[in-house]
Amino acid sequence: MAGAAGPGSGPGAAGGDGDDSLYPIAVLIDELRNEDVQLRLNSIKKLSTIALALGVERTRTELLPFLTDTIYDEDEVLLALAEQLGNFTGLVGGPDFAHCLLPPLESLATVEETVVRDKAVESLRQISQEHTPVALEAHFVPLVKRLASGDWFTSRTSACGLFSVCYPRASNAVKAEIRQHFRSLCSDDTPMVRRAAASKLGEFAKVLELDSVKTEIVPLFTNLASDEQDSVRLLAVEACVSIAQLLSQEDLEALVMPTLRQAAEDKSWRVRYMVADKFSELQKAVGPKIALSDLIPAFQSLLRDCEAEVRAAAAHKVRELCENLPAEGRETVIMNQILPYIKELVSDTNQHVKSALASVIMGLSTVLGKENTIEHLLPLFLAQLKDECPEVRLNIISNLDCVNEVIGIRQLSQSLLPAIVELAEDAKWRVRLAIIEYMPLLAGQLGVEFFDEKLNSLCMAWLVDHVYAIREAATNNLMKLVQKFGTEWAQNTIVPKVLVMANDPNYLHRMTTLFCINALSEACGKEITTKQMLPIVLKMAGDQVANVRFNVAKSLQKIGPILDTNALQGEVKPVLQKLGQDEDMDVKYFAQEAISVVAQRLRKLDFPVKDSEEPSIPGVDKNLFLRPRGPGEDTGKGPACQLHINTRDTLAQLEIAEAMHFPQNRE
């Protein structure tokens with residue numbers, strides 16, 4: 001490596017002379033020379049520590065020159081270096097010496113890797129704010145000029161991001177030079193440089209005087225907007241937003257709008273896409289008068305563009321466009337100039353276009369009012385609810401509340417409920433799932449009577465869906481409905497229907513009964529849980545399917561805290577003890593877990609727990625489920641590991657272990 005730690009002497013030599021204070025930089029240089037990229041990267045990340053150890057003077061005279069000479073490392077190392085140097089001002093002596101950081105950053109701003117250059121420019125912009133006006137002209141502006149006139153396009157692209165930070169504090173003569181350099185970059189032979197200049201055009205325009213904007217920036221904008229490269233033209237559209245905010249209506253109409261109209265009809269779809277994507281910002285920037293006369297026709301052409309990407313981008317902006325129109329005459333403009341084009345997009349051939357429209361079209365109801373929504377928008381909503389694309393349907397469902405605020409739930413349900421019912425039975429389970437998630441919202445708006453009449457049967461049907469995610473969501477849905485409509489409604493309407501499923505031939509449906517009881521018990525309270533739900537759970541303990549039985553144990557554990565002591569001691573505990581001796585290991589395990597929880601619950605209620613009431617297995621400690629484990633005992637969570645074996649009888653231990661682990665081998 002060519003760099004040296006200081007003039008006339010290397011750090012190794014200095015260390016050999018006994019100057020231990022040079023040791024940190026010697027370590028840094030050694031690591032920077034290491035073949036391992038990670039070591040070099042780590043050393044760069046420790047630069048601030050090294051600089052503190054060296055002090056500000058030696059950091060300026062030794063460390064920074066060395067770093068400047070090392071700008072040919074791996075990109076990730078250079079990226080870390082560029083980031084570190086942005087926060088180095090305090091380590092080189094403060095703002096008076098900030099210019100010392102410019103040489104290494106200048107080198108980093110010319111490397112080939114874009115990410116490194118961008119980070120170097122970011123650090124340079126940060127450091128420029130710490131320069132005094134004199135130092136700025138003496139050190140920073142010359143750096144910008146060197147980059148702007150560099151031989152390689154990399155340095156010229158980096159220069160584009162630095163003009164706006166040094167221009168405001170420069171003298172008039174220097175300002176003229178800066179503008180000249182920027183003009184040169186806007187007409188550079190290399191497309192990458194013109195792209196960089198176009199991307200910074202709006203930012204640069206904001207710091208210029210208004211006269212300069214009119215005489216210099218607008219011509220540059222016009223040239224870039226007609227560049228042969230579409231990647232340059234589309235960036236000019238972005239700059240148009242900033243430029244339009246600076247000009248008066250007259251200047252806008254004369255200087256900017258012809259170019260913007262041209263961009264909206266550009267031969268490249270990418271440029272038209274950018275116009276559509278920035279349409280709301282352009283609308284606000286040009287003002288309502290020009291928006292009505294120029295932008296609305298342009299928006300119409302974008303909604304009918306031949307490219308689906310452009311139509312989708314324009315469709316996303318429909319709601320914002322309508323909301324930003326002046327209140328006076330807004331309804332007329334939407335009904336006559338926007339709505340006909342929206343109707344066409346509802347039946348567009350591209351699903352992304354329809355999906356984009358569906359995500360915003362419901363919001364038009366708040367702009368157009370009740371009558372127009374019912375007459376013109378509801379048919380469109382209905383068509384989209386029946387669309388073959390699931391995403392379109394989901395976007396409509398997700399925004400039903402916007403329409404409800406305008407037309408009321410009664411009108412909404414009469415118009416859209418049949419389509420919602422159809423979606424609730426859709427072949428795609430994700431569509432059904434989306435309907436379930438919005439059901440509590442719809443239920444709260446419909447009211448109990450209407451819900452029971454139209455949607456109750458749907459909610460119960462979801463409980464026996466063949467997809468587990470639907471059954472799970474339907475269970476949670478019932479809990480939310482009970483919270484909305486109250487326990488009396490649950491007792492009369494929901495609980496009886498849920499408990500009937502306990503006799504279903506399909507064991508999955510019987511398990512769903514248990515899941516529903518788990519969810520509903522807390523919402524329904526002690527009385528309903530004890531009188532109606534508990535007997536069904538206890539009855540299901542004798543189910544022939546082991547999965548049902550161990551879920552009975554889990555359910556008893558879940559509802560245990562809600563039950564009173566008599567029910568726990570007299571009904572729950574005997575059933576759990578029986579399940580604790582089940583031939584299935586999983587049933588045993590969950591029964592034992594439940595017994596432990598129930599016993600703790602009884603203790604909290606000061607209810608005596610008799611030894612005779614505990615599970616009794618030959619050779620097994622009676623206090624199996626009640627006492628804590630002793631030192632050295634197995635703490636595994638498997639069913640067999642929950643037992644504390646009586647160590648006095650080794651043969652009994654082996655017999656019990658074999659019986660529990662291999663029940664099928666028992667005679």
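For the numbers below, each heavy atom of this structure counts, side chains included, while hydrogens, waters and symmetry mates do not. Just so we're clear, the structure is a prediction, and the values are computed from it rather than from any experiment.
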Apply side chain to side chain contact (heavy atoms under 4.5 Å, CB included) to residues Asp266 and Leu234 and explain how you reach the verdict. CA-CA 10 Å; Asp266 195 276; Leu234 66 86; over 6 Å; no
Just by distance, no angles: are the side chains of Asn87 and Gln126 close enough, under 3.5 Å, to form a donor-acceptor pair? yes
Candidate pair Phe153 and Asp189, rule side chain to side chain contact (heavy atoms under 4.5 Å, CB included), full reasoning: CA-CA 9 Å; Phe153 78 91; Asp189 293 336; over 6 Å; no
side-chain hydrogen bond (donor to acceptor under 3.5 Å, both in side chains) partners for Glu307, two or more places apart: none
Pair Thr190-Arg156, side-chain donor/acceptor within less than 3.5 Å: yes
Flag side-chain contact, heavy atom, 4.5 Å: Arg179 against Leu208: yes
How many angstroms lie between atom NZ of Lys278 and atom OH of Tyr273, to the nearest 0.5 angstrom? 10.0 Å
Give the minimum heavy-atom separation between Leu357 and Ala315, together with the two atoms involved. N-CB, 4.0 Å
Do the charged groups of Glu216 and Lys175 touch, with an N to O distance under 4.0 Å? no
The side-chain hydrogen bond (donor to acceptor under 3.5 Å, both in side chains) partner of Lys145 among Gln180, His181, Glu177 is Glu177
N-O pairing of Lys119 and Glu122 below 4.0 Å: yes
Just do the side chain to side chain contact (heavy atoms under 4.5 Å, CB included) check on Lys200 and Phe163 with the steps written out, would you? CA-CA 9 Å; Lys200 300 298 180 182; Phe163 289 108; over 6 Å; no
Nearest 0.5 angstrom please: Arg146 CZ to Ser155 OG, how far? 11.0 Å
Hey, does Asp251 have a side-chain heavy atom less than 4.5 Å from the side chain of Val256? no
Among all residues two or more places apart in sequence or in another chain, which pass the salt bridge (charged side-chain N to carboxylate O under 4.0 Å, His left out) test with Glu323? Arg319
